[in-house]
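Have a look at the structure below, then the notes.
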Amino acid sequence: MKLLVNRPGVNVAIAAMLFAAIFVARATVGTLGDAISFLYVIPVVLVAVSLGTRAGLAAGLVAFALSTVGTLIEGLPVTPLGYVNRAVVYLFIGGPTGRFATALRALQAESARHFDLSLDMIS
């Protein structure tokens with residue numbers, strides 16, 4: 001995973017391909033399409049880990065939009081609470097995951113700085 005995190009452009013391209021593939025898979029599967037829409041979590045997490053909180057939230061909105069469009073195209077009955085639930089799930093996964101990834105990168109940078117500056121043996 002570390003190789004992907006250090007290459008945000010590649011990660012965004014992979015996430016875009018995943019969004020498209022999941023949308024197509026959902027459209028072609030039929031009755032299982034609604035269950036497949038939860039796979040949108042994968043590219044949301046990929047973008048959030050690569051680019052941080054704002055990008056994770058944006059990816060969550062994209063996932064929600066694609067999920068909603070797929071539901072409307074298929075004519076599946078979804079209540080307003082169902083749409084709210086989807087939005088909350090995608091945004092809650094994108095936002096905090098991006099925040100945690102950003103905090104982890106900051107902590108790693110701080111730790112690396114301490115290890116690089118220390119002339120004594122750290123035990």
Check: If you take all heavy atoms of Arg86 and Val78, which pair is closest and at what distance?
Finding: NH2-CG2, 3.8 Å
Notebook entry, point to check: With no hydrogens and no angle check, is any side-chain donor or acceptor of Arg105 less than 3.5 Å from a backbone partner on Val49?
Noted result: yes
Check: When clusters are formed by joining ILVMFWY residues with side-chain heavy atoms under 4.5 Å apart, either directly or through shared neighbours, do Val45 and Val89 land in the same one?
Finding: yes
Item checked: For the student: nearest non-hydrogen atoms of Ile93 and Thr97, plus distance -> O-OG1, 2.5 Å
Notebook entry, point to check: Which atoms form the tightest heavy-atom contact between Val44 and Ala63, and what is the distance?
Noted result: CG2-CB, 3.7 Å
Check: Got more than 12 heavy atoms from elsewhere within 6.0 Å of OH, Tyr83?
Finding: yes
Check: Same hydrophobic cluster for Leu61 and Phe23, using side-chain heavy-atom links shorter than 4.5 Å among ILVMFWY?
Finding: no
Notebook entry, point to check: Taking Val69 as the fixed residue, which of Ile73, Leu72, Thr71 is the one that meets the side chain to side chain contact (heavy atoms under 4.5 Å, CB included) rule?
Noted result: Ile73
Notebook entry, point to check: Ignoring hydrogens and geometry, is there a side-chain-to-backbone donor-acceptor pair from Ser50 to Leu46 under 3.5 Å?
Noted result: yes
Next item on the list: Could you grab the distance from atom CG of Leu57 to atom OH of Tyr90, nearest 0.5 Å is fine?
Entry: 15.0 Å
Check: Mind checking what makes side chain to side chain contact (heavy atoms under 4.5 Å, CB included) contact with Ala55, not counting sequence neighbours?
Finding: Val47, Leu51
Extract all donor-acceptor atom pairs below 3.5 Å that involve side chains of residues 12-21 and protein atoms in other chains or at least two apart in sequence.
none

Notebook entry, point to check: What heavy-atom pair brings Ala101 and Ala48 nearest, and what distance separates the two atoms?
Noted result: CB-O, 4.1 Å
Next item on the list: Answer yes or no: is there a side-chain heavy-atom contact under 4.5 Å between Val62 and Pro43?
Entry: no
Notebook entry, point to check: CD1/Ile42 to CD1/Ile22 distance, rounded to the nearest 0.5 angstrom?
Noted result: 5.5 Å
Checklist line | Set of residues satisfying ring-ring contact (aromatic ring centres under 6.0 Å, His included) with respect to Phe64, sequence neighbours excluded | finding: none
